[in-house]
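Taking it in order: structure first as structure tokens, then the write-up.
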Amino acid sequence: MPVTFCTFVAMSNIKPSLVKGTRDFSPQEMVKRNHIFDTIKTVFKKYGYAEIQTPTMENLSTLTGKYGDEGDKLIFKILNSGDFLSKANPELLANANSQKLISSISEKALRYDLTVPFARYVVMHQNDISLPFKRFQVQPVWRADRPQKGRYREFYQCDVDVVGSDSLLNEAEFVLIYQEALSNLGLKDFTIKLNNRKILSGIAEIIGKPELIIDMTVAIDKLDKIGLDGVSKELLERGFTAADLEKLKPVILLQGSNDEKLNSLRAVLAESATGMNGIAEIETVFRYIKGLLQSNPELNPDLELDITLARGLNYYTGCIFEVKTNEAAMGSIGGGGRYDDLTGMFGLKGLTGVGISFGADRIYDVLLELNLFPESVAAGTKVLISNFDEAAELYALPIVQQLRNANIAAELYPSAAKLKKQMSYADAKNIPFVILIGSDEMQSGELTLKDMHSGQQDKLSLEAIIEKIKD
């Protein structure tokens, strides 16, 4: 007996379930997700970026060491094929030390983000690309994180990066890309935050702890989550003293306009060449943005210099970005920054890069919560043609194709059925129009068009129907 889907389900005693932190998406949800992707991609292309894709898997060595200790722990490792334990180090296996055992049982991993694979792509294809190389990428990534609202183990990133250009014009244009794409999606109240890792390095220098820059940035990046007391406690645990904290607090709690913050930082970082360089870069980005907005004043981004913004990824070296919506309780919906040394990790020195990412899954949740998806986005099939018998079906075949030729999404009910069943199908799919074809319609050539919302029925020619429903 052939195994059908139904018999397969009946034979199985396993209750189907999803891996925590992952989701299924219905046809209606996919239409909305594609609306997000298409909107963002349109803006990317407008600014001169072209699309690439990279594999789901990368060599574990490609990913390890690029995200800091905390990030490395969240990489999903893939066990080697075959009898992977036979090649494992016997001593490590006996000691059950999983962290040290990983390298002998796993050579591959699911990508953690799109930036490191992009750097690997640039190095491998350096002879095939022209610099500066501007690319965008919309693909899923995976992180072994604890699932919670707005945080998933599998989620899509929409990345846009440029390598081979040290111009801060790129950073300024990223601010406009965020503003334009998110505004086009219907968001009205969101903040684009900027900082510079050189400023953070300068702060570490003036308190005499330059070697603890990573520890400092990881801690202060958590200010929104654990508060000043939590950050202070973590800094003390990471090697900072109470005296260091007294110097850090005024900087961490910096208030005022962007200009006022920059003036305060100039005074604080006057003895740090690195810190002053970071301030100069931020000022240059602001000047570029001002120039770009002269012809686009309607964009008017809400731009905030936030010294606590650290983006706890080791590879950032210059300007860093984060975007937060003020309309819904959600973490960041975007972020990125400059990474001067990333391709150097793969043997290609001296190639600077900068990029940003949109968190598509979080953006989806925000748009859903705020009811910002346009009604037109949910539109699928525009018209269903009824099917009562073989004669009506044959009559309808050229009609359904004429509708499609007019770029109208149309379906012919696939087999003869009672009217009630066909109407239920149209209701379930939110199809707004149904064409009814019976013996009268086939004789007269005029078709009955039923509006499923109002219930009104009209006898019209096919040309009139196309004119009526094509918009």
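By convention here, the first residue in the shown sequence is residue 1. Just so it is clear, the model here is predicted, and its values are computed rather than measured.
Thr274 and Asn277 are not linked by any side-chain donor-acceptor pair at a separation below 3.5 angstrom, with hydrogens and angles left out of the test. Side-chain N/O atoms of Glu171 and Tyr288 include no donor and acceptor closer than 3.5 Å. For the residue pair Glu205/Ser272, the side-chain donor-acceptor check at 3.5 Å is satisfied. For the residue pair Asn59 and Ser61, no side-chain donor N or O sits within less than 3.5 Å of a side-chain acceptor on the partner. Under the 3.5 Å distance criterion, with hydrogens and angles disregarded, no donor-acceptor pair is assigned to the side chains of Thr191 and Glu304.
Checked by atom type and distance alone, the side chain of Ser183 never pairs as donor or acceptor with a backbone atom of Glu180 at under 3.5 Å. For the pair Arg111 (side chain) and Pro140 (backbone), a donor-acceptor distance under 3.5 Å is present. For Asn263 (side chain) and Glu260 (main-chain N/O), no donor-acceptor pair under 3.5 Å exists by modelled atom type. A donor-acceptor pair under 3.5 Å is absent between the side-chain atoms of Arg151 and the main chain of Arg146, judged by distance alone. Remark: side-chain polar atoms of Lys349 are not paired, donor with acceptor, to backbone N or O of Gly347 under 3.5 angstrom. Remark: side-chain polar atoms of Gln179 are not paired, donor with acceptor, to backbone N or O of Leu176 under 3.5 angstrom. Between the side chain of Tyr112 and the backbone N or O of Lys66 there is no donor-acceptor pair closer than 3.5 Å. Side-chain N or O atoms of Gln126 include one that pairs as donor or acceptor with a backbone N or O of Val123 at under 3.5 Å. When atom types are taken as modelled, the side chain of Arg338 and the backbone of Ile320 share no donor-acceptor pair closer than 3.5 angstrom. With hydrogens and angles ignored, the 3.5 Å screen pairs no side-chain donor or acceptor of Tyr152 with any backbone N or O of Arg143.
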- Task: Go through Asp306 and Asn195 one step at a time and tell me if the side chain to side chain contact (heavy atoms under 4.5 Å, CB included) criterion holds.
- Result: CA-CA 6 Å; Asp306 184 354; Asn195 197 9; 5.6 Å; no
- Message: Assess the residue pair Leu74 and Tyr67 against the criterion (side chain to side chain contact (heavy atoms under 4.5 Å, CB included)); give the C-alpha distance rounded to whole Å, side-chain angles, the decisive distance to 0.1 Å, and a yes or no.
- Response: CA-CA 9 Å; Leu74 302 182; Tyr67 309 106; over 6 Å; no
- Query: Going through the distances and angles, do Met216 and Lys209 end up as a side chain to side chain contact (heavy atoms under 4.5 Å, CB included)?
  - Reply: CA-CA 9 Å; Met216 187 186 81; Lys209 295 288 195 314; over 6 Å; no
- Full working for side chain to side chain contact (heavy atoms under 4.5 Å, CB included) between Val43 and Ile40: CA-CA 5 Å; Val43 177; Ile40 294 173; 5.9 Å; no
- Query: Under the side chain to side chain donor-acceptor pair (under 3.5 Å) criterion, do Thr39 and Asn184 qualify, and how do the steps go?
  - Reply: CA-CA 7 Å; Thr39 300; Asn184 290 350; over 6 Å; no
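Here the OG1-CD1 distance, from Thr308 to Ile220, works out to 6.5 Å after rounding to the nearest 0.5 Å. One finds the OG atom of Ser232 at 11.5 Å from the CZ atom of Phe240 (value rounded to the nearest 0.5 Å). In this structure, the separation between NZ on Lys108 and CD1 on Ile78 is 6.5 Å, given to the nearest 0.5 Å. Atoms CG and CG, on Asp113 and Leu63 in that order, are 8.0 Å from each other to the nearest 0.5 Å. Here Ile279 contributes atom CD1 and Leu265 contributes atom CG; the two are 5.0 Å apart, rounded to the nearest 0.5 Å. Rounded to the nearest 0.5 angstrom, Asn430 CG and Gln28 CD are separated by 7.0 Å.
The shortest heavy-atom contact between Val162 and Pro132 is CG2-CB, 3.8 Å. Annotation for Leu303 and Asn258: closest pair O-ND2, 3.0 Å, computed over non-hydrogen atoms. Nearest approach of Val175 to Ile192, heavy atoms of both residues: O-CD1, 3.6 Å. Looking at every heavy atom in both residues, Leu293 comes nearest to Pro301 through CD1-CD, 3.6 Å. Closest of all the heavy-atom pairs between Phe190 and Asp302 is O-CB, 3.4 Å. Looking at every heavy atom in both residues, Arg238 comes nearest to Asp215 through NH1-OD1, 3.1 Å.
At a threshold of 4.0 Å, the pair Glu29-Arg23 does not count as salt-bridged, since none of the basic side-chain nitrogens sits closer than that to a carboxylate oxygen. Look at Asp145 and Arg153 and you find no salt bridge, because none of the NZ, NE, NH1 or NH2 atoms lies under 4.0 Å from a carboxylate O. A salt bridge links Arg120 with Glu58: the distance from a Lys NZ or Arg NE/NH1/NH2 to an Asp or Glu carboxylate oxygen falls below 4.0 Å.
Ring geometry for Tyr339 versus Tyr316: interplanar angle of 30 to 60°, hence tilted. Relative orientation of the His35 and Phe373 rings is perpendicular, given thresholds of 30° and 60° on the angle between their planes. Below 30°, between 30° and 60°, or above 60°: for Phe174 and Phe321 the angle between ring planes is above 60°, a perpendicular geometry.
Checking each of Thr115, Asp159, Asp161, Thr54 against Gln137 for a side-chain hydrogen bond (donor to acceptor under 3.5 Å, both in side chains) leaves exactly one that passes, namely Thr54. No option in Ile307, Ile206, Ile203, Ile199 other than Ile206 meets the side chain to side chain contact (heavy atoms under 4.5 Å, CB included) test with Val268. Checked options Asp340, Thr343, Asp166; the residue passing with Thr352 is Asp340 (criterion: side-chain hydrogen bond (donor to acceptor under 3.5 Å, both in side chains)).
For CD of Glu298, the number of neighbouring non-hydrogen atoms (other residues, nucleotides, ligands) closer than 6.0 Å is greater than 12. Within a 6.0 Å radius of CE in Met57, no more than 12 heavy atoms belonging to other residues, nucleotides or ligands are found.
Ring centers of Phe136 and Tyr49: at least 6.0 Å apart, outside the cut-off.
A heavy-atom distance below 4.5 Å is found between the side chains of Glu234 and Ile226. Under the 4.5 Å side-chain criterion, counting only non-hydrogen atoms from C-beta, Leu182 is in contact with Ile333. Side-chain atoms of Lys32 and Leu368, non-hydrogen and from C-beta on, do get closer than 4.5 Å to each other. Using a 4.5 Å heavy-atom cutoff, the side chains of Glu327 and Val366 are not in contact. Contact annotation: the side chain of Tyr178 approaches that of Phe358 to within less than 4.5 Å [non-hydrogen atoms, C-beta and beyond]. By the 4.5 Å heavy-atom criterion applied to side chains, Val285 and Cys319 are counted as neighbours. Counting only heavy atoms from C-beta outward, the side chains of Phe37 and Tyr156 approach each other to under 4.5 Å. Contact of the Arg362 side chain with the Tyr364 side chain is not registered, since no non-hydrogen atoms from C-beta on lie closer than 4.5 Å.
Both tests pass for Arg33 against the ring of Phe25: distance under 6.0 Å to the centre and angle within 45° of the axis. Judged by the 6.0 Å and 45° rule, Arg135 forms a cation-pi pair with Phe118.
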